[in-house]
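For reference, the structure discussed in these notes is given below.
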2 protein chains.
Amino acid sequence: MSDKNNIKISEPSLKRLPLYYHHLKFLNSNDVKYVSSKKIAEKINLKPIQVRKDLSITGLVGKSRLGFNVKEAIAKIEDYMGWKHKTDGILVGCGDLGSALLGYDNFENYGFNIIAGFDNNKNIVGKEIHGKKIFHINKLKDLSNRLKIKVGIICVPPKSAQKIADIMIKSGIKAIWNFAPAALIIPEDIVLHQEDMASSLTLLFKKIKNKF
Amino acid sequence: MSDKNNIKISEPSLKRLPLYYHHLKFLNSNDVKYVSSKKIAEKINLKPIQVRKDLSITGLVGKSRLGFNVKEAIAKIEDYMGWKHKTDGILVGCGDLGSALLGYDNFENYGFNIIAGFDNNKNIVGKEIHGKKIFHINKLKDLSNRLKIKVGIICVPPKSAQKIADIMIKSGIKAIWNFAPAALIIPEDIVLHQEDMASSLTLLFKKIKNKF
DNA sequence: TAGATTGTTAATCGATTAACAATC
DNA sequence: TAGATTGTTAATCGATTAACAATC
């Protein structure tokens, strides 16, 4: 079953939950106990009704006149998102971008942990980047198998991306997060999540055009 | 007016256009002259009708029985997206992620050009990263004003993000692409495009859950 | 011609928004 | 109590998909 609670969640809603979460954490750090959907909506530029709908997906219940208990809301979102359940992953390609991701300490807050980096550059193999050990790519299969790693991040140049994806799949990786601007060809049963700067840039430009 | 052609485009469509584009470029490099929406759809895992709808937004017209002219399609997408019109930007925070973006040579294909980086670290100020000169942050206002820069990228640690955003806005920047995991407070008339790893990670995990 | 493909128009699907009774 | 806020149910809006005539 996909969802514990059998409540469908739309992709837009799913993307908004972290936004509420950030804001709720901020409120909590300021000792705010209750917050209304109206207040949240103002901050995040949404409609109150949308905030309520989204939050209700997590099972959170508010109080009339008071709004939502901030601590409770935080807990419900963490719970719903499964951020407590830790998932391990590995990263291939320890250049600038790979290094940045290895050092992105925010991942642990979202239940994700990169346990090691891989590269084929002899100058960095054996070293550590942001406290993560870097192995040669030919160790990938062995290590992934042994630790039953299911998530792989690709940060290599686009030309090598397909090759790395193939290695990952052979190594038992089931989900690929691809930061290389390359369209990967992968089997049906593998999850591919493409990070696309071009699309993102496009959205930025669209926003600019809409505004001016 | 927002759209030259007065044809509304949905955000999902806008995100798909680069996907078609990549594939069309690939086909073109293989000397394919015509391609049907069915073939494209198969490659990108979409429905043929959706491909046709999206492509029609660019003004592209196909041929019965043949499909779409590959070169023509590429040109129409480039045109519609405005990738020929170059926009300059500056980047603040030249750590791992900032360096990665300074070296992301794909940007130029999408009409974007980072003309310089800024940092407050004396060890890198005055140096070059991927051929881009790095200036001290206190030069930002002067340089942005002089070159009439309208787009700023933030790659500093979350704690400094708001401060940098404020400086950018004072310097005449009109659109901010924020890679720092921080919710920025900005005036109404400034465009904010937030790059959110947490949301992205969340989507990856959702895809995994849906699959298994 | 027969068959493949486009592009238009209409139907469906899903997300957002509105309205409002229930609550404190 | 009066007023603010929730959560439910219904209406609206917009994107996707289906159906199919037109084209070559």
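Below, chains carry the letters A, B, ... as their sequence lines are ordered, and counting in each starts from 1.
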Kindly say whether, by distance alone, the side chain of Ser64(A) makes a donor-acceptor pair under 3.5 Å with the base of dT23(C)?
yes
For DNA chain C, what residues of residues 46-55 of chain A have any heavy atom nearer than 4.0 Å?
Lys47(A), Ile49(A), Gln50(A), Lys53(A)
If you take any heavy atom closer than 4.0 Å to DNA chain C, which residues from residues 25-45 of chain B end up in contact?
Ser36(B), Ser37(B)
Which whole-number value in Å describes the distance from [X] [atom1] to [N] [atom2]?
| X | N | atom1 | atom2 | answer |
| --- | --- | --- | --- | --- |
| Phe68(B) | dA4(C) | CZ | P | 17 Å |
| Asn69(B) | dT5(C) | CG | C1' | 15 Å |
| Glu11(A) | dT16(C) | CD | C1' | 16 Å |
| Arg65(A) | dA4(D) | CZ | P | 8 Å |
| Leu66(A) | dT23(C) | CG | C1' | 11 Å |
| Leu14(B) | dA15(D) | CG | C1' | 14 Å |

Under 3.5 Å, is there a donor-acceptor pair between the [X] and [Y] side chains?
| X | Y | value |
| --- | --- | --- |
| Asn69(B) | Lys33(B) | no |
| Ser200(B) | His193(A) | yes |
| Ser10(A) | Ser13(A) | yes |
| Asp96(B) | His130(A) | yes |
| Asn113(A) | Glu108(A) | no |
| Gln50(A) | Asp54(A) | no |

Nearest-nucleotide wise, let me know which of Arg16(A) and Lys63(A) is further upstream toward the 5' end of DNA chain C.
Arg16(A)
Given the rule that a pair is Watson-Crick or G-U wobble with both distances under 3.5 Å, how would you write DNA chain D in dot-bracket, using | for pairs to a different strand?
..||||||||||||||||||||||
Kindly assign one of parallel, tilted or perpendicular to the pair Trp177(A) and Phe179(A), based on the angle between their ring planes and the thresholds 30° and 60°.
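Taking Phe179(A) first and then Trp177(A), their aromatic rings sit tilted (interplane angle of 30° to 60°).
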For the residue pair Trp83(A) and Tyr110(A), does the interplanar ring angle fall in the parallel (under 30°), tilted (30 to 60°) or perpendicular (over 60°) class?
perpendicular
For Ser144(B), the option from Asp88(B), Ile167(B), Ile149(B) that meets side-chain contact (heavy atoms from CB on, under 4.5 Å):
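Considering Asp88(B), Ile167(B), Ile149(B), a side-chain contact (heavy atoms from CB on, under 4.5 Å) with Ser144(B) is found only for Ile149(B).
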Looking at Asn145(B) and Lys141(B), would you say the former's side chain and the latter's main chain have a donor-acceptor pair under 3.5 Å?
yes
For the aromatic rings, using the six-membered ring if either is Trp, is the centroid distance between Phe107(A) and Tyr104(A) under 6.0 Å?
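Phe107(A) vs Tyr104(A): aromatic centres under 6.0 Å.
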